[in-house]
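The shown structure was predicted, so the numbers you read here are calculated from the model rather than taken from an experiment.
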Amino acid sequence: LGAIERGHIVVVCRACLDPPCAASCPEDALKPREGGGVIFNPDMCIGCGYCVGACPFGAVNWDDDLNKPIFCIYCGYCAKYCPYGVIKLEEVR
């Protein structure tokens with residue numbers, strides 16, 4: 001493992017209860033997910049990018065090859081690889 005002294009920023013989806021990214025989608029490719037966040041249907045996405053600008057946290061990434069957004073699906077995969085333990089997946093009640 002390498003050491004990081006500063007400058008590394010982790011931006012993760014905050015699972016908004018009323019997600020602005022979903023509200024910005026003109027094609028309804030994003031549906032609010034029960035408990036927060038969104039479910040993304042890439043087949044309905046036209047690649048407008050409105051969702052990227054609508055996220056107040058900058059957590060919507062863009063896949064240049066597919067010309068579509070990338071959304072966290074809350075799988076926890078990233079958390080198990082974080083060497084500093086700053087990412088954790090837990091259920092919020």
Separation between CG of Asn41 and CD of Glu27, rounded to the nearest 0.5 Å: 11.0 Å
Test log, rule side-chain contact (heavy atoms from CB on, under 4.5 Å), inputs Cys51 and Ser24: CA-CA 6 Å; Cys51 53; Ser24 74; 4.1 Å; yes
Residues forming a ring-ring contact (aromatic ring centres under 6.0 Å, His included) with Tyr77, sequence neighbours excluded: Tyr81
N/O donor-acceptor pair under 3.5 Å between Arg14 side chain and Val12 backbone: yes
Close side-chain approach of Asp28 to Met44, heavy-atom, < 4.5 Å: yes
CD1/Ile70: more than 12 non-hydrogen atoms of other groups inside 6.0 Å: yes
Shortest non-hydrogen contact from Cys78 toward Ile87: SG-CG2, 3.8 Å
Non-hydrogen atoms of Cys72 and Cys13 that approach each other most closely: CB-CB, 3.8 Å
Any donor-acceptor N/O pair, Lys68 side chain to Cys45 backbone, under 3.5 Å: yes
Cluster overlap Phe71 with Trp62, hydrophobic side-chain contacts below 4.5 Å: yes
Distance in Å, Cys82 SG paired with Tyr84 OH, rounded so as to fall on 0.5 Å steps: 8.5 Å
Over all atoms of both residues, closest heavy-atom pair of Pro69 and Val60: CB-CG1, 3.8 Å
Pro19 side chain reached by Leu30 side chain, heavy atoms, under 4.5 Å: no
Close side-chain approach of Arg33 and Tyr74, heavy atoms under 4.5 Å: yes
Phe40 reachable from Val52 in the ILVMFWY side-chain graph, under 4.5 Å edges: yes
Spacing of Cys25 atom SG and Ile46 atom CD1 [to the nearest 0.5 Å]: 7.5 Å
